[in-house]
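Here's the structure we're looking at; comments come further down.
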Amino acid sequence: MRNRALTPVETAAVDAVDADGLVADLRTVVAVPSTGGSRAECDVQAWAAARLAELGADVDHWRLDLPALRAADGYPGEEVRRDEAWGCVGTVPAGRDEEPALVLAGHLDVVPPGDGDLWVGGDPWTLREADGRLHGRGACDMKGGVVAVLGAVAALRRAGVRLRRPLAVHTVVGEEDGGLGTFATLARGHRGRACVIAEPTAGDLLVANAGALTFRVEVAGHAAHGATRTLGVSALEAFLPVLEALRDLEARRNAVLPAGFGHLDLAAPISVGTVRAGDWPSTVPDRLVAEGRFGVLPGEAVEQARQELEAAVAAACADDDWLAEHPARVTWSGGQFAPGELPAGDPLADDVADCLVGLGVRAPERVGAPYGSDLRLYAGAGIPTLQYGPGDIASAHTVDEHVEEADLVTAARAYALLAVRRCGVVSD
């Protein structure tokens with residue numbers, strides 16, 4: 001890691017970042033309620049395309065061919081109904097038919113905000129400023145990151161910096177439920193020599209993701225009147241040995257944490273998120289459906305991970321009198337996030353760290369994360385990729401989600417500096 005002095009061009013670029021402009025853009029984009037599968041997912045991509053055009057980029061804004069993508073090898077899955085979706089890529093300088101030296105990427109879809117009345121002010125879609133924090137759904141995950149990327153492009157333009165090699169900005173939707181947008185962007189042929197995803201990383205560099213697979217377990221019972229419940233078999237009670245087996249499996253799989261994941265208690269969590277059973281209060285439920293998320297360890301093949309969960313459920317069934325005769329059924333659906341990582345020794349992490357140190361920011365740690373992301377899609381396409389962006393994942397998906405305004409500014413400055421160094425500049 002080097003703490004080299006900024007050149008006059010680099011200084012001009014980082015000094016041109018407009019904090020007020022960042023907040024204004026974030027206010028605009030938070031107001032678009034772009035939850036997965038909504039019409040607003042399309043609207044937010046139209047906003048990004050228009051904003052990139054304002055910044056002088058060549059813009060590719062296209063309607064995704066959803067049937068073709070769903071039939072393609074490697075389709076990452078979806079967890080919402082989606083009848084329309086759009087891609088958006090902006091490239092500067094315009095008019096250059098050359099592989100970008102750097103991609104700055106981010107998603108503009110968000111998860112639902114929950115009960116809006118629980119948010120201070122009562123409206124998750126109106127940006128609220130308080131004590132240097134900017135609150136709103138997506139402010140942290142990750143509209144703030146996309147706004148910082150756009151702020152960097154705006155700063156380069158404002159400072160009159162002419163890049164020697166192209167810089168690309170990828171904005172996508174469908175990340176929260178599998179990665180459809182990035183899958184489509186790569187399928188369209190958009191590439192780059194390196195990629196930084198502006199996900200919230202609390203000032204660190206995220207160089208590896210664990211994976212995450214959505215699973216479903218169906219358990220059969222035997223219905224009976226609640227007054228004669230002993231004549232039936234509750235599917236809810238029959239599920240309990242399966243749940244215990246999942247907890248045991250989680251403990252075994254996380255007994256030794258991979259390198260870069262030592263700061264976590266679990267690198268590959270197993271979580272049951274929904275449970276549905278029964279259709280009448282006084283009837284013993286004869287069917288239970290549980291859906292959850294199965295963490296995949298870095299470097300682990302997805303099919304191997306699936307087989308391990310299926311074997312654990314089968315073993316639990318074999319040890320139970322009822323389940324031995326009526327085994328639980330495991331299926332896989334929805335988002336399927338494989339793990340991914342930056343190749344060892346790739347200079348991208350050093351380059352981003354050097355930019356941060358050069359801006360007077362603390363030297364970042366290089367860490368892994370227990371959640372899936374689009375990193376694995378870029379990495380799978382042979383593009384060295386890491387995540388660095390404003391905000392802390394601890395605030396993502398929460399009530400009163402927020403990002404620090406200062407973090408937005410720092411990220412935008414870092415992206416601008418990285419673009420200058422990675423893309424080079426045209427001398428007068």
Side-chain angles (χ1 to χ4, degrees), residues 1-4 10 74 89 91 98-106 142 145 148-149 152 163-170 172 175 179 182-183 185-186 189-211 257-264 267 296-301 337-359 361-389 393 411 414-424:
M1 192 180 307
R2 297 158 294 174
N3 186 6
R4 72 193 206 205
E10 292 172 346
V89 171
T91 307
E98 178 183 351
E99 182 179 52
L102 178 66
V103 174
L104 298 174
M142 61 165 288
V149 166
L163 298 178
R164 183 180 303 279
R165 293 178 294 278
L167 165 69
V169 174
H170 296 183
V172 301
E175 190 275 347
T182 294
F183 181 70
T185 298
L186 294 168
H190 289 292
R191 291 290 192 276
R193 296 182 185 176
C195 175
V196 174
I197 302 176
E199 290 274 13
T201 60
D204 290 322
L205 307 184
L206 199 154
V207 297
N209 281 121
L257 296 178
F261 288 75
H263 61 296
L264 303 170
V296 183
L297 292 163
E300 182 178 27
F337 293 84
E341 58 189 330
L342 180 72
D346 189 273
L348 181 60
D350 283 342
D351 289 352
V352 178
D354 288 346
C355 288
L356 292 169
V357 172
L359 292 172
V361 180
R362 71 166 175 86
E365 299 291 330
R366 302 176 193 200
V367 298
Y371 52 83
S373 81
D374 284 348
L375 184 154
R376 97 278 189 190
L377 296 173
Y378 286 105
I383 303 170
T385 303
L386 59 74
Q387 292 173 198
Y388 164 74
I393 193 67
Y415 300 146
L417 180 55
L418 182 66
V420 169
R421 291 180 174 178
R422 275 270 168 167
C423 300

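Index from 1, following the sequence. What's counted below: heavy atoms across the whole structure, side chains too, no hydrogens, waters or symmetry copies. This structure is a prediction, so every number in the text was calculated from the model and none was measured.
Looking only at side-chain heavy atoms (C-beta outward), N209 and E341 stay at 4.5 Å or farther from each other. Between E199 and D374, every side-chain heavy-atom pair lies at or beyond the 4.5 Å cut-off. Two residues are said to be in side-chain contact when any heavy atoms from C-beta on lie closer than 4.5 Å; F261 and P298 meet this criterion.
The shortest heavy-atom contact between L297 and A267 is CD2-CB, 4.3 Å. Heavy-atom minimum distance, Y371 versus P200: OH-O, 4.1 Å. Of all the heavy atoms in P370 and L264, the pair that sits closest is CD-CD1, 3.5 Å. Taking each heavy atom of L167 and A419 in turn, the nearest pair found is CD2-CB, 4.0 Å. For the pair Y415 and Y388, the tightest heavy-atom approach, listed with the atom from each and the gap, is OH-O, 2.6 Å. Between L257 and G262, the shortest heavy-atom distance links the atoms CD1-CA, 4.1 Å.
Contact check on R421 versus D351 returns no salt bridge, with no Lys/Arg side-chain nitrogen under 4.0 Å from an Asp/Glu carboxylate oxygen.
Partners of R376 by side chain to side chain donor-acceptor pair (under 3.5 Å), not counting sequence neighbours: none found. Looking at residues two or more places apart in sequence or on another chain, you find no salt bridge (Lys or Arg N to Asp or Glu O under 4.0 Å) involving E365. In this structure P166 satisfies the side chain to side chain contact (heavy atoms under 4.5 Å, CB included) test together with T91, R96, E98, P100, sequence neighbours excluded. Shown here are the salt bridge (Lys or Arg N to Asp or Glu O under 4.0 Å) partners of R165, two or more places apart in sequence or in another chain: there are none. Residues that satisfy the salt bridge (Lys or Arg N to Asp or Glu O under 4.0 Å) test with E300, not counting sequence neighbours, are R253.
In this structure, the separation between SG on C195 and CG on L348 is 8.5 Å, given to the nearest 0.5 Å. For the atom pair CG (L342) and CG (L375), the distance works out to 7.5 Å, reported to the nearest 0.5 Å. Taken from OG1 in T201 to CZ in R366, the straight-line distance is 13.0 Å, to the nearest 0.5 Å. The CG atom of L206 sits 9.0 Å away from the CD1 atom of I393 when rounded to the nearest 0.5 Å.
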Exercise answer: donor-acceptor pairs, residues 377-387 side-chain atoms, under 3.5 Å, sequence neighbours excluded:
residue	atom	partner	partner atom	Å
Y378	OH	H170	ND1	2.9
T385	OG1	I383	O	2.8
Q387	OE1	S373	OG	2.5

(message) Run the side chain to side chain contact (heavy atoms under 4.5 Å, CB included) test on I197 and T182 for me, step by step, so that the C-alpha distance in whole Å, both residues' side-chain angles and the decisive distance to 0.1 Å come before the verdict.
(response) CA-CA 11 Å; I197 302 176; T182 294; over 6 Å; no

